[in-house]
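Step one of this worksheet: look at the structure below.
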Amino acid sequence: TEIYTLSLHDALPISGAVVAAAPPGGARGDAAARDAECRRDADGCLVKATVRIVAFIGFAIMIAPLIAVIVNAFNANVLLSNWGGFTTHWFTDAVDDSGVRSAAGQSVEIAALVTGLSAVMGTLAVSFSAYAPRWLSRFTESLTVTRVMVPEVIMAAGLVLLMPKLGFTFGLWTVVLGQTVWAVAFFIAILGARRAGFDRRLEDAGRDLGATPWRVLRTIVLPDLMPGIIAGALLTFTFSFDDVVTTVFLSGPTTMTLPTTILARIRRGITPEINAVGVLVMLVTIILLALATVVSGQLVPGQKETEL
């Protein structure tokens, strides 16, 4: 057996050569790699840069109005002509404003009623759609898609003509019914995603074991649809709470929601208090949308089992 020895003096040049040949790491190495890639594919790099710039501009356009509202909600300058210092005084004024509190309470009441009606009608429609003839299911789906696509102002204008003929006086219930017309369509679209992945064999097994249709609905179908029901209810509540168009068309003189109150006050000029109210509304909306997003992550049946 031959034994080879290598002294430290002999190893150092080799080690130095290896180190010298190693590519530089860190940010400088990444930049060099990107430059080399761009030299090989100039058109691809141009497209990527253009997409990044357009995406940044689009994001800035979307976020700029929200930043302006948030910043001016803490602006001590009443006229909002310039920055007058930091203050939380306007939030106190907004909370102490009886008109704002009354409008917020009415918005919550309307949103709760709309959510309840939409949840009941939408859940029943989605639950029993599987038993309907194919033509009826297709017709229902077409109506739902059409209602989502039709502009809200067109539907509200039609309801203005229809409500008096049905004996309704413009007020709280006309707003609730008007918002439910479009809210139930969104609810069905959301819950339908859950129902589409439902295993019909579970229902068949329940009926084979002697369960009544009501018991199958209560113990098999509804528990499986519950994540979709909760997500649809949260989104419906958010849409109803923020609605302006239907509310303006169908509300009476005594029905003022928070969005319509803000709209009425903006016509007289924007004040820091309005910005403070806007920040509070944004906070509530973000919380509800975040909850709906978390719940809607369970829309695909068996997702937890697959991940485990």
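Hydrogens, waters and symmetry mates are skipped; everything else that's a heavy atom, side chains included, is used.
Note that OG1 of Thr261 is 9.0 Å distant from CG of Asp97, once rounded to the nearest 0.5 Å. With rounding to the nearest 0.5 Å, the separation of CD in Glu273 from CD1 in Ile262 is 10.0 Å. For the atom pair CG (Asn72) and OG1 (Thr271), the distance works out to 10.5 Å, reported to the nearest 0.5 Å. A distance of 9.5 Å separates CD1 in Ile190 from CG in Leu234, rounded to the nearest 0.5 Å. The line from CZ of Phe187 to CE of Met121 is 10.0 Å long, rounded to the nearest 0.5 Å. Separation of atoms OG1 (Thr255) and CH2 (Trp173) is listed at 12.0 Å; rounding is to 0.5 Å.
The shortest heavy-atom contact between Phe186 and Val148 is CE2-CG1, 3.9 Å. Taking each heavy atom of Leu79 and Asn77 in turn, the nearest pair found is N-OD1, 3.0 Å. Residues Trp90 and Ala76 come closest through the heavy atom pair CZ2-O, 3.9 Å. Among all heavy-atom pairs drawn from Ala183 and Val114, the shortest one is CB-CG1, 3.7 Å. Taking all atoms of both residues into account, the shortest heavy-atom contact from Leu191 to Gly122 is CD2-O, 4.1 Å. Counting all heavy atoms, side chain and backbone alike, Ala125 lies closest to Ile188 at CB-CD1, 4.1 Å.
When atom types are taken as modelled, the side chain of Thr174 and the backbone of Gly171 share a donor-acceptor pair closer than 3.5 angstrom. Side chain of Asp243 to backbone of Thr247: a donor-acceptor contact under 3.5 angstrom is found. A donor-acceptor contact shorter than 3.5 Å is absent between the side chain of Ser240 and the backbone of Thr236. Of the possible polar contacts, none joining the Arg265 side chain to the Ile270 backbone as a donor-acceptor pair under 3.5 Å is found. Although no hydrogens or angles enter the test, the distance criterion places a donor-acceptor pair under 3.5 Å between the side chain of Asn75 and the main chain of Asn82.
Note: the hydrophobic cluster containing Val181 also contains Val126 (ILVMFWY, side chain heavy atoms under 4.5 Å, direct or indirect links). Under the 4.5 Å side-chain contact rule for hydrophobic residues, Val78 and Leu80 do not share a cluster. Residues Ile154 and Val175 fall within the same hydrophobic cluster, defined by Ile, Leu, Val, Met, Phe, Trp and Tyr side chains chained together at heavy-atom separations under 4.5 Å. Both Ile229 and Leu124 are part of a single hydrophobic cluster, where members link through side-chain heavy atoms under 4.5 Å apart. Under the 4.5 Å side-chain heavy-atom criterion for ILVMFWY residues, a single connected hydrophobic cluster contains both Ile63 and Val69.
In this structure the side chain of Asp224 never reaches within 4.5 angstrom of the side chain of Ile220, judged on heavy atoms. Taking the side chain as every heavy atom from C-beta outward, Leu117 and Val184 never approach each other to under 4.5 Å. Between Phe56 and Ile61, every side-chain heavy-atom pair lies at or beyond the 4.5 Å cut-off. Annotation: side chain of Phe74 is in contact with side chain of Thr88 (closest heavy-atom distance under 4.5 Å). Using a 4.5 Å heavy-atom threshold, the side chains of Val95 and Phe91 count as separate.
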When the side chains of residues 274-288 are checked against the rest of the protein, which donor-acceptor pairs come out under 3.5 Å, sequence neighbours left out?
| from | atom 1 | to | atom 2 | distance (Å) |
| --- | --- | --- | --- | --- |
| Thr285 | OG1 | Asp242 | OD2 | 3.3 |
| Thr285 | OG1 | Val281 | O | 2.9 |

Which pairs of donor and acceptor atoms, one on a side chain in residues 157-168, lie under 3.5 Å apart (sequence neighbours left out)?
none

Return a table of donor-acceptor pairs under 3.5 angstrom between the side chains of residues 102-111 and protein atoms on other chains or two or more places apart.
| from | atom 1 | to | atom 2 | distance (Å) |
| --- | --- | --- | --- | --- |
| Gln106 | OE1 | Met256 | N | 3.2 |
| Ser107 | OG | Ala103 | O | 3.1 |
| Ser107 | OG | Leu258 | N | 2.7 |

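Checked against the 6.0 Å centroid criterion, the rings of Phe249 and Phe170 do not qualify as a close aromatic pair.
Ring geometry, Phe237 versus Phe241: the interplanar angle falls under 30°, so the pair is classed parallel (tilted spans 30 to 60°).
Inspection of the Thr257 and Thr260 side chains reveals an N or O donor paired with an N or O acceptor under 3.5 Å.
Residue-environment remark: CZ (Arg215) stays at or below the threshold of 12 foreign heavy atoms within 6.0 Å. By the neighbour-count criterion of 12 heavy atoms within 6.0 Å, atom CZ of Phe59 is sparsely surrounded, having that number or fewer from other residues, nucleotides or ligands.
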